[in-house]
Amino acid sequence: MGFTYAILLGAGEIIVTVFFLLLSWAIYYDLSRASIPSGFDHPLKLRIVHWGCIIAFTLGKILEVLGFCRQVAFVRFALSFRRARLSPGLSAKDLLFDGVPVRVYQPSVPSACPRRGFVFFHGGAGIFGSIVMYEDICSKLAKEGDLVLVSVGYRLSPEHPYPAQWKDCFTATVHLLKKVALYGVDPCQVIIEILDNIVDFVKHL
């Protein structure tokens with residue numbers, strides 16, 4: 001019993017030490033190499049999100065060097081723990097637009113006229129991210145903008161090299177434009193947005 005306790009205690013100390021080393025490295029890297037744009041409302045929130053990203057990428061690289069898993073797979077695993085929240089007053093449906101998975105967000109209250117459409121391509125440089133990870137942002141945009149939002153779950157690299165991502169986004173967009181009446185979208189008011197950096201991500205949280 002005492003031997004098992006000693007092993008668990010030692011393992012716990014190692015985990016805590018590794019965590020603080022990674023956190024120290026993340027804070028140092030962030031403060032020495034990253035600057036926050038002027039006028040940003042939540043600088044500390046941005047710093048914390050950036051620290052988490054640095055830790056995930058660094059730990060993933062260490063595990064890859066040790067032969068446990070790929071860095072990409074670990075970062076995707078770490079990001080999958082983020083819980084999504086659907087804003088009240090919205091409905092969300094998972095569909096396929098010509099074979100491309102999408103999630104369509106629509107206000108629950110009927111509209112007398114067609115709503116604006118919004119095609120959303122999540123961030124992650126074509127390697128990370130998913131429909132689920134960006135549900136908070138998408139549902140907030142759909143609710144506050146009173147619009148129909150289509151979040152595209154495009155294929156990711158390196159499993160699917162470029163231009164697979166571009167083709168999926170293009171296919172989903174064309175499908176929506178052809179079926180605007182089905183989703184109650186005004187064909188003259190369709191917005192396309194690519195969330196491509198951590199600043200945009202934090203601003204929408």
Throw together a table of side-chain donor-acceptor distances under 3.5 angstrom for residues 7-28, partners on residues two or more places apart or in other chains.
| from | atom 1 | to | atom 2 | distance (Å) |
| --- | --- | --- | --- | --- |
| Thr17 | OG1 | Glu13 | O | 2.7 |
| Ser24 | OG | Phe20 | O | 2.7 |
| Trp25 | NE1 | Thr58 | OG1 | 3.3 |

Is there a continuous path of hydrophobic side-chain contacts, each under 4.5 Å between heavy atoms, that joins Trp51 to Tyr29? no
Taking only residues two or more places apart in sequence, or in another chain, which ones meet Phe77 in a ring pair (Phe, Tyr, Trp, His ring centres under 6.0 Å)? Phe81
Leu59 reachable from Ile48 in the ILVMFWY side-chain graph, under 4.5 Å edges: yes
Using the rule that two of Ile, Leu, Val, Met, Phe, Trp, Tyr join whenever any of their side-chain heavy atoms come within less than 4.5 Å, decide whether Val119 and Leu96 are in one cluster. no
Going by the rule ring pair (Phe, Tyr, Trp, His ring centres under 6.0 Å), which residues pair with Phe128 if we only count those two or more places apart in sequence or in a different chain? Phe57
Are Ile62 and Phe74 linked, directly or through other ILVMFWY residues, by side chains that come within less than 4.5 angstrom of each other? yes
Qualifying salt bridge (Lys or Arg N to Asp or Glu O under 4.0 Å) pairs with a residue from residues 22-35, counting only residues at least two apart or across chains: Asp30-Arg47
Can you name the salt bridge (charged side-chain N to carboxylate O under 4.0 Å, His left out) partners of Lys61, sequence neighbours left out? Glu64
Pro107: which residues meet the side chain to side chain contact (heavy atoms under 4.5 Å, CB included) condition with it, sequence neighbours left out? Leu90, Arg115, Asp146
Kindly compute the distance separating NZ (Lys167) from CG (Asp98), expressed to the nearest 0.5 Å. 14.5 Å
Quick one: salt bridge (charged side-chain N to carboxylate O under 4.0 Å, His left out) partners of Asp94, sequence neighbours excluded? Arg103
Could you pull out the closest heavy-atom pair between Gln165 and Gly126, with the gap in Å? NE2-O, 3.9 Å
Determine whether Tyr134 and Ile191 fall in the same hydrophobic cluster, where Ile, Leu, Val, Met, Phe, Trp and Tyr are linked whenever their side-chain heavy atoms lie under 4.5 Å apart. yes
Just to verify, what does Arg116 make a side-chain hydrogen bond (donor to acceptor under 3.5 Å, both in side chains) with, not counting sequence neighbours? none
Got Val152 and Phe97 here, is their nearest side-chain heavy-atom distance under 4.5 Å? no
Would a distance-only check, ignoring hydrogens and angles, find a side-chain to backbone donor-acceptor pair under 3.5 Å from Ser108 to Gly89? yes
Strictly distance-based, threshold 3.5 Å: is any side-chain N or O of Asp168 a donor or acceptor partner for the main-chain N or O of Val100? no
On a heavy-atom basis, the closest approach of Ala172 and Val102 is CB-CG1, 4.2 Å
Any chance you could measure Glu144, atom CD, to Ser139, atom OG, to the nearest 0.5 Å? 9.5 Å
For the residue pair Gly99 and Pro101, what are the closest heavy atoms and their distance? O-CD, 3.7 Å
Return each pair, listed once, that meets ring pair (Phe, Tyr, Trp, His ring centres under 6.0 Å) where at least one residue sits in residues 145-165; pairs must be two or more places apart or across chains. His122-Tyr154
Residue set satisfying salt bridge (charged side-chain N to carboxylate O under 4.0 Å, His left out) with Arg70, at least two apart, ordered chain then number -> Glu159
First locate atom SG of Cys169, then atom CZ of Arg155, and finally report the distance between them rounded to the nearest 0.5 Å. 10.0 Å
Heavy-atom distance under 4.5 Å between the side chains of Leu141 and Tyr105, does that happen here? no
Donor-acceptor pairs are to be reported for all side-chain atoms of residues 179-186 against protein atoms at under 3.5 Å, with residues two or more places apart or in another chain.
| from | atom 1 | to | atom 2 | distance (Å) |
| --- | --- | --- | --- | --- |
| Asp186 | OD1 | Cys188 | N | 3.0 |
| Asp186 | OD2 | Gln189 | NE2 | 3.0 |

From Ile192 CD1 over to Phe120 CZ, what is the distance, rounded to the nearest 0.5 angstrom? 13.0 Å
Qualifying residues under side chain to side chain contact (heavy atoms under 4.5 Å, CB included), relative to Ser130, sequence neighbours excluded: Val132, Met133
